[in-house]
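Following: one structure in structure tokens, then a few remarks.
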There are 2 protein chains.
Amino acid sequence: MSKLTIKDIAREAGVSTATISRVLNNSGYVSQDVKQQVLEVIRKFNYQPNAIARSLKQEKSRSIGIVLPDMTNPYFMKIARAIQHRCFQEGYHLLFVDTEENPDKEREALDFLTEKRIEALILAGTGANRDQIQAISDSGIHVILIDRRFSNLKLDTVTEDNIYAAKSAIEFLLEKNHQQIGMIHGPQSISTAKERKQGATLALQEAGITLTPELVFEGDYSRESGIAAIRHFCELPERPTAIFSTNNEMTFGIYLGLQEMGIPLDSIEIVSFGNLEFSSLFEHQLTVIMQNPQELGDTAGDLLIRRLSGGEEVEAPQNRILMPRLIQLSP
Amino acid sequence: MSKLTIKDIAREAGVSTATISRVLNNSGYVSQDVKQQVLEVIRKFNYQPNAIARSLKQEKSRSIGIVLPDMTNPYFMKIARAIQHRCFQEGYHLLFVDTEENPDKEREALDFLTEKRIEALILAGTGANRDQIQAISDSGIHVILIDRRFSNLKLDTVTEDNIYAAKSAIEFLLEKNHQQIGMIHGPQSISTAKERKQGATLALQEAGITLTPELVFEGDYSRESGIAAIRHFCELPERPTAIFSTNNEMTFGIYLGLQEMGIPLDSIEIVSFGNLEFSSLFEHQLTVIMQNPQELGDTAGDLLIRRLSGGEEVEAPQNRILMPRLIQLSP
DNA sequence: TTGTAGGCGTTATCAA
DNA sequence: TTGATAACGCCTACAA
């Protein structure tokens with residue numbers, strides 16, 4: 001029942017373990033005859049080398065930690081899949097952890113991963129655990145922050161330009177002569193949410209428009225907060241004619257809210273971050289900021305492999321920034 | 001830069017490595033004084049034991065392999081999350097692999113995982129690699145098939161009752177007096193797709209209705225095949241008045257197809273497997289077979305932990321079957 | 001209560 | 001071209 005070891009194979013093939021190892025790794029010299037014979041025995045007994053022992057000996061885990069805030073969110077999983085592709089190609093594998101946006105779980109996850117001796121860490125963080133992350137980087141583990149980043153931390157990042165995208169979104173609405181633009185933001189502990197708010201605010205400032213506090217709703221990236229935003233906006237003397245929403249879940253909530261209040265969906269113009277595929281199925285005015293998780297994952301994967309296989313020359317931290325595109329879905 | 005070992009800590013604390021190990025594992029005797037002192041040193045140097053070495057010594061990886069056909073599909077990831085919860089609680093962790101429905105990738109994944117000495121395998125398979133999976137089970141690794149199963153394989157399974165659900169779906173449409181029911185099925189290599197087709201066929205038979213081949217469209221669980229189905233149905237002399245779709249992606253395709261053909265979405269009644277959250281946003285007649293990935297994950301997690309911590313008594317394979325519910329979303 | 005030492009399954013160095 | 005053998009970092013009899 002218990003697994004065969006290299007010794008069993010060596011005995012069976014009548015050679016030393018060293019020879020088996022050489023065959024396994026295509027390293028050193030080994031005559032064709034012996035090689036064939038050894039391969040035969042390996043196949044016959046379906047021997048599989050113990051990756052744990054190999055890792056210990058080589059002092060290389062060949063594993064990469066990836067820490068995400070929500071494994072059920074396809075956005076993050078598309079990033080993860082792209083990275084996994086690249087890693088498998090190069091003989092690495094991923095250790096996933098889902099923090100569910102919980103800083104405590106994140107801390108535990110990071111401890112767990114360092115004990116597992118990951119060679120690199122890919123992180124879309126909760127916003128907490130700065131010091132621990134810095135320490136991991138200092139200890140020689142390559143760290144790449146994806147989607148979300150920390151200010152003043154000298155680490156590799158691959159992110160989208162949220163400020164620019166949010167700014168464009170507001171400018172788009174201003175060009176269409178909207179005077180009352182409602183906004184719904186995400187948790188300000190998350191860098192993307194903060195930057196989207198910054199970008200939107202910046203666009204209004206540049207247009208010389210003073211921010212009306214009643215038109216700014218602080219949501220939490222959840223569907224419920226989208227509904228809540230609509231309830232709030234409907235209580236205002238002057239309802240917004242357009243809404244800028246900083247993620248797709250909240251936008252879905254907005255539609256649900258409008259429906260709940262009996263307001264026609266096409267009576268309000270919406271610009272939203274994220275994918276809203278279903279939107280083509282009904283009449284309304286929607287523009288989305290299309291993100292590109294696959295490109296983000298590919299970029300992070302390339303950077304990762306470069307860091308892992310790169311020589312000793314310590315490069316400066318890389319900051320790759322992708323540009324989301326504004327896509328108008330309705331005329 | 002390189003990590004500290006138990007020896008370093010032993011030297012630093014002026015005790016033997018055995019003592020350090022005892023402190024780390026709360027095993028054996030160790031005086032309070034020494035224990036405190038050791039903990040102090042561990043904290044001071046931020047020592048983290050090497051999980052790889054520990055695994056090798058204990059001949060326990062404490063890792064569970066989980067193989068899924070699509071990591072970007074929230075259905076599977078909700079299952080995975082539930083399992084991960086349970087595993088972390090018990091000190092195990094998950095090794096994820098996404099096969100992208102590719103049997104070759106699946107085979108590679110299984111090899112990879114067995115080399116990593118997983119203690120259990122959770123699998124939503126492509127339908128191939130039967131022998132390899134059986135061999136894994138025979139070698140003493142607990143195997144639990146989720147969502148999809150193999151006929152005639154004596155393994156634990158946690159699945160949904162697809163036959164029953166599909167049968168109910170058709171019965172529901174028959175009760176509403178639909179005479180022309182179109183069906184779109186998934187790839188018959190996947191057990192769920194096959195069972196859904198079986199269930200639907202069974203319901204028609206029991207109602208004494210002969211199957212019209214033109215009304216049965218063989219799709220592949222993709223959005224495109226949903227569109228293709230509509231194009232096909234529209235070419236028939238007599239269009240179906242209702243459609244039974246065996247997954248949500250194809251149903252989305254159906255809506256897109258209807259829109260493309262200029263057919264009002266509410267002119268055709270649909271029953272579909274899977275979640276279609278957006279559906280409440282427009283007028284149409286939709287009934288869904290609501291699946292419960294979290295319950296499936298919880299069930300699999302419980303079974304898994306029982307297998308892992310269960311004594312030597314070999315229990316017969318368990319087959320847990322969950323009942324999906326038919327939910328009418330429109331009057 | 002603590003320490004010594006052997007071994008988990010590999011790989012890699014050195015001889016032969 | 002092959003074989004002995006010493007690690008890798010940890011745990012655990014067994015001694016002390």
Side-chain angles (χ1 to χ4, degrees), chain A residues 1-39 41-42 45-63 91 112 114-119 139-140, chain B residues 1-39 41-42 45-63 91 112 114-119 139-140:
Chain A
M1 203 59 106
S2 114
K3 278 272 183 183
L4 294 172
T5 75
I6 202 171
K7 282 187 195 166
D8 300 315
I9 302 303
R11 190 177 345 96
E12 208 65 43
V15 295
S16 75
T17 61
T19 300
I20 308 292
S21 177
R22 281 190 277 257
V23 172
L24 249 24
N25 302 289
N26 282 314
S27 65
Y29 296 97
V30 48
S31 73
Q32 275 306 315
D33 286 359
V34 176
K35 185 169 181 176
Q36 286 313 316
Q37 217 247 313
V38 167
L39 287 174
V41 175
I42 287 175
F45 291 92
N46 191 28
Y47 164 71
Q48 293 184 299
N50 183 325
I52 297 173
R54 177 178 282 170
S55 283
L56 179 63
K57 174 62 195 173
Q58 298 189 144
E59 304 184 59
K60 286 211 159 64
S61 65
R62 300 203 75 79
S63 64
F112 163 74
T114 48
E115 294 193 358
K116 280 284 174 182
R117 297 298 186 265
I118 50 169
E119 299 180 33
S139 80
Chain B
M1 204 61 105
S2 114
K3 278 276 185 182
L4 295 172
T5 75
I6 203 172
K7 281 188 195 166
D8 299 314
I9 302 302
R11 192 178 344 97
E12 207 66 42
V15 296
S16 75
T17 60
T19 301
I20 306 293
S21 177
R22 282 190 275 257
V23 171
L24 286 170
N25 302 291
N26 283 315
S27 65
Y29 295 98
V30 48
S31 74
Q32 275 305 317
D33 285 0
V34 175
K35 184 168 183 180
Q36 286 313 316
Q37 217 247 313
V38 167
L39 287 173
V41 175
I42 287 176
F45 290 91
N46 191 28
Y47 165 72
Q48 293 184 299
N50 183 326
I52 296 173
R54 177 177 283 169
S55 284
L56 180 61
K57 172 64 195 177
Q58 300 188 147
E59 304 183 57
K60 285 210 158 68
S61 65
R62 300 203 73 78
S63 64
F112 164 73
T114 47
E115 294 193 358
K116 280 283 173 184
R117 297 299 186 264
I118 50 169
E119 299 180 31
S139 80

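In what follows, chains are A, B, ... by sequence order, proteins preceding strands, each numbered from 1.
Of the candidate nucleotides D:dG3, D:dC10, C:dG3, D:dG3 has the atom nearest to the side chain of A:Thr19. Taking every side-chain heavy atom of B:Ser16 into account, C:dG3 is the closest of D:dC11, C:dC8, C:dG3. Closest to the side chain of A:Gln58, out of D:dT2, C:dA12, D:dC10, is C:dA12. Closest to the B:Leu24 side chain, of the nucleotides D:dC8, C:dC8, D:dC11, is D:dC11. Comparing C:dG9, D:dC10, D:dC11 by their nearest atom to the side chain of B:Ser21 picks out D:dC11.
Between B:Lys60 atom NZ and D:dC11 atom P there is a gap of 13 Å when expressed in whole angstrom units. In this structure, the OH atom of A:Tyr29 is 14 Å from the P atom of C:dT13, given to the nearest Å. Going from atom CG of A:Asn26 over to atom P of C:dA12 covers 13 Å, rounded to whole Å. Residue B:Lys7 contributes atom NZ, which lies 14 Å from atom P of D:dC11 at whole-angstrom precision. With rounding to whole Å, A:Ile20 atom CD1 is found 13 Å from C:dG9 atom C1'. Taking atom CG on A:Asn50 and atom C1' on C:dC8, their separation rounds to 9 Å, with Å as the unit. Here the P atom of nucleotide D:dT1 and the CG atom of A:Asp33 are 11 Å apart, to the nearest Å. Rounded to an integer number of Å, the gap from CG of A:Asp8 to C1' of C:dT10 is 13 Å.
Checking side-chain atoms of B:Thr17 against main-chain N and O of B:Ala10 turns up no donor-acceptor pair under 3.5 Å. The backbone N or O of B:Gln48 lies less than 3.5 Å from no partner atom in the side chain of A:Glu115, so there is not a single donor-acceptor pair. Without hydrogens or angle criteria, A:Asn25 side chain to A:Arg22 main chain gives no donor-acceptor distance under 3.5 Å.
Between B:Val41 and the options B:Gln36, B:Glu12, B:Arg11, a side-chain contact (heavy atoms from CB on, under 4.5 Å) holds for only B:Glu12.
Checking A:Arg117 against A:Ser31, the closest nucleotide of DNA chain D that is more toward the 5' end is the one next to A:Ser31. Nearest-nucleotide mapping onto DNA chain C: of A:Arg54 and B:Lys57, the residue sitting toward the 5' end is B:Lys57. Residues B:Thr17 and A:Arg22 each lie close to DNA chain C; by heavy-atom proximity, the contact nearer the 5' end of the strand is made by B:Thr17. Checking B:Leu56 against B:Ala18, the closest nucleotide of DNA chain D that is more toward the 5' end is the one next to B:Leu56.
Interatomic distance, A:Gln37 CD to A:Ile42 CD1, rounded to the nearest 0.5 Å: 10.5 Å.
The shortest distance between the side-chain N/O atoms of B:Tyr47 and the OP1/OP2 oxygens of D:dC10 is below 4.0 Å.
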